[in-house]
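In what follows, a structure is listed as structure tokens, so that the remarks can point back to it.
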2 protein chains.
Amino acid sequence: MGTQDVSGKNGQKTAIREENERAILEAAEEVFAEYGFSGATTSRIARRAGIPKANLHYYFATKEALYRRVIDNIFTVWLEAASSLNESDHPRQALAAYIQAKMDLSRSRPLGSKVWANEIIQGAPVIQDYLENTLREWTASREAMIRRWVDEGKIAPVNPRYLLYMIWATTQHYADFGHQIATLNDGRALTDAQWEEAKKNVTEIILRGIGISA
Amino acid sequence: MGTQDVSGKNGQKTAIREENERAILEAAEEVFAEYGFSGATTSRIARRAGIPKANLHYYFATKEALYRRVIDNIFTVWLEAASSLNESDHPRQALAAYIQAKMDLSRSRPLGSKVWANEIIQGAPVIQDYLENTLREWTASREAMIRRWVDEGKIAPVNPRYLLYMIWATTQHYADFGHQIATLNDGRALTDAQWEEAKKNVTEIILRGIGISA
DNA sequence: AAAAATCTTGACCAATCGGTCAAGATATAA
DNA sequence: TTATATCTTGACCGATTGGTCAAGATTTTT
């Protein structure tokens, strides 16, 4: 993830730079999530961050450089959640933990999910290398793990790939389509209780769906 | 869906208008799917339709008017697929048919799904009234139907709403995230056989997940 | 206190945006 | 054939785009 060095002589960012970059990245995630890369404008991001546009371009030379930093952050968070799907547990615990982690991520960081969705819809012009390397390797290793579960008779015979897609699709839907879900919920976002119920339903249907009785 | 009347004295569009509007709408769906409403430009749409921009604006006065026509068409197709989830069948047949219809739609009209996804991510500035009326009523009636199945013990006790979301999310994922799926498939779109396998897996996991043994 | 590094910002740039217009080309109706 | 309606398009409009720049303000280092 090549980011140019902007640190001073002592090799660290100033407090001012730290704070301003943080504010810009926060505003940028909002705007990129809502409008996509092409639809987002640097002036809109600057306005939302509360600084002049020229100041934004002092910290991030181009819109694309800013976008890459946003994407990098999102991918890091995605990988953290991904690590919860690990070998050590039994299928039920492992998958339940992963679904929970992904659902929690959709609630705590819906903007990241939306930026990701926009990027994929556009054909992943920026993160194609992540898809072809990090994501591909992660997916292959998890597919192998799930296939082992199938071979050992621990879960029903499903194609691991399509199970993973179902988990991704369902959990991310609660972030990407949050507005539609809220509209169908009398215009209000899901309450904590509703969210828990959604998590429970999603987990139960998927686990039962692969032959693990809840 | 208020569209202004542009028909001649005898009350019908000319063949020229028919053909040109069709070409423009086709190009517009592509561009809106890829770039969203804000990111799409009328000149890009015109270029893809093979006509000068001024000619596009002769047929569609504004970008928003064109966008509304595209959205209208997509919603019509969506409703057709939705009608396959009907009362007459048993839960297994009804849900299997609906999942199949939605999967087929993701394959035959992926662009429409992407435009829809973009619109929702942006907060549905254009189709909010569809969500609040047509979609809300459709969803309520189907929720009631599924709840009856639960009460009659035909399927496991799930909240119908979250079951519907899972079906929408999973099936539409194959359109909206088609690029990611292709990348994880060695860069090639799913073959017919793979698509059938995906459909089979999705249907089986969901049906088994709500207690209907395949 | 002086020097150096860092940060701020209004003014500006060429390119592109959505959209208009008028003049001419083409098709249809009388 | 003539008249009318429809269609086509280059040129153009003010506004906004991503990005630059220079001059000054502020902070940090010496």
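Atoms considered below: every heavy atom in the structure, side chains included; atoms not considered: hydrogens, waters and symmetry mates. Proteins get letters first, then strands, A, B, ... in listed order; numbering begins at 1 in each. Remember, it's a predicted structure, so these values are computed and weren't measured experimentally.
The ring of A:Trp138 has its center closer than 6.0 angstrom to the ring center of A:Trp78.
Salt bridge B:Glu18/B:Arg22: absent, no basic N to carboxylate O contact under 4.0 Å. Between A:Arg48 and A:Glu30 a salt bridge is recorded (basic side-chain N to carboxylate O distance below 4.0 Å). With salt bridges taken as basic N to acidic carboxylate O contacts below 4.0 Å, none links B:Arg136 and B:Asp129. The residues A:Glu196 and A:Lys200 are annotated as not salt-bridged, no charged nitrogen and carboxylate oxygen being separated by less than 4.0 angstrom.
Taking the side chain of B:Asn55 as heavy atoms from C-beta on, and the options D:dC7, D:dT8, C:dT8, the nearest nucleotide is D:dT8. Candidate nucleotides D:dT9, D:dT20, C:dC7 were compared by shortest atom distance to the side chain of A:Ala54, and D:dT20 ranks first. The side chain of B:Thr62 has C:dG19 as its nearest neighbour among C:dG19, C:dT8, D:dC7. Here D:dG10 is the nucleotide among D:dG10, D:dG18, C:dC7 with the atom lying nearest to any side-chain atom of B:Pro52. Checking D:dT20, C:dC7, D:dC7 against every side-chain atom of B:Arg17, the shortest atom distance belongs to D:dC7.
With hydrogens and angles disregarded, a donor-acceptor distance shorter than 3.5 Å links the side chain of A:Asn159 to the backbone of A:Arg161. Checked by atom type and distance alone, the side chain of A:Lys63 pairs as donor or acceptor with a backbone atom of A:Phe37 at under 3.5 Å. Looking only at distances, a side-chain donor or acceptor of A:Glu119 sits under 3.5 Å from a matching main-chain atom of A:Ile127. The main-chain N or O of B:Glu197 is found under 3.5 Å from a side-chain atom of B:Asn201 such that the two form a donor-acceptor pair. Here the side chain of B:Ser113 pairs no donor or acceptor atom with the backbone of B:Pro110 at under 3.5 angstrom. Side-chain N or O atoms of A:Asn55 include none that pairs as donor or acceptor with a backbone N or O of A:Ile51 at under 3.5 Å.
Taking 4.0 angstrom as the limit, B:Thr14 places none of its side-chain polar atoms (N or O) nearer than this to OP1 or OP2 of C:dT28.
Here C:dT9 presents its P atom at 8 Å from CD1 of A:Ile51, a figure rounded to the nearest Å. In this structure, CZ of A:Arg47 is placed 10 Å from P of D:dT16, rounded to the nearest angstrom. Look at CZ on A:Phe60: it is 12 Å from P on C:dC7, rounded to the nearest Å. Following rounding to the nearest Å, A:Lys63 (NZ) and D:dT17 (P) show an atom-to-atom distance of 10 Å. Going from atom CD1 of A:Ile16 over to atom P of C:dA5 covers 16 Å, rounded to whole Å. Atom OH in A:Tyr58 sits roughly 18 Å away from atom P in D:dG19 (whole-Å rounding). Atom C1' of nucleotide C:dG19 and atom NE2 of B:His57 are separated by 5 Å, given to the nearest angstrom. Separating the CD atom of B:Glu19 from the P atom of C:dA27 is a distance of 14 Å, rounded to the nearest angstrom.
Applying a 4.0 Å cut-off to non-hydrogen atoms, none of the residues of residues 114-122 of chain A approaches DNA chain D. Shown for residues 31-44 of chain A: residues whose heavy atoms fall under 4.0 angstrom of DNA chain D, namely A:Ala40, A:Thr41, A:Thr42, A:Ser43.
Note that the two end axes of the helix from C:dA1-D:dT30 to C:dT28-D:dA3 enclose an angle of 10°, each drawn from 5 base pairs, rounded to 10 degrees.
One can find a donor-acceptor pair under 3.5 Å joining the base of D:dG18 and the side-chain atoms of A:Lys53.
Using modelled atom types, one finds no donor on one side chain facing an acceptor on the other under 3.5 Å when comparing B:His179 with A:Gln122.
The nearest heavy atom of DNA chain C to A:Asn20 and to B:Ala15 marks one nucleotide each, and the one closer to the 5' end goes with A:Asn20.
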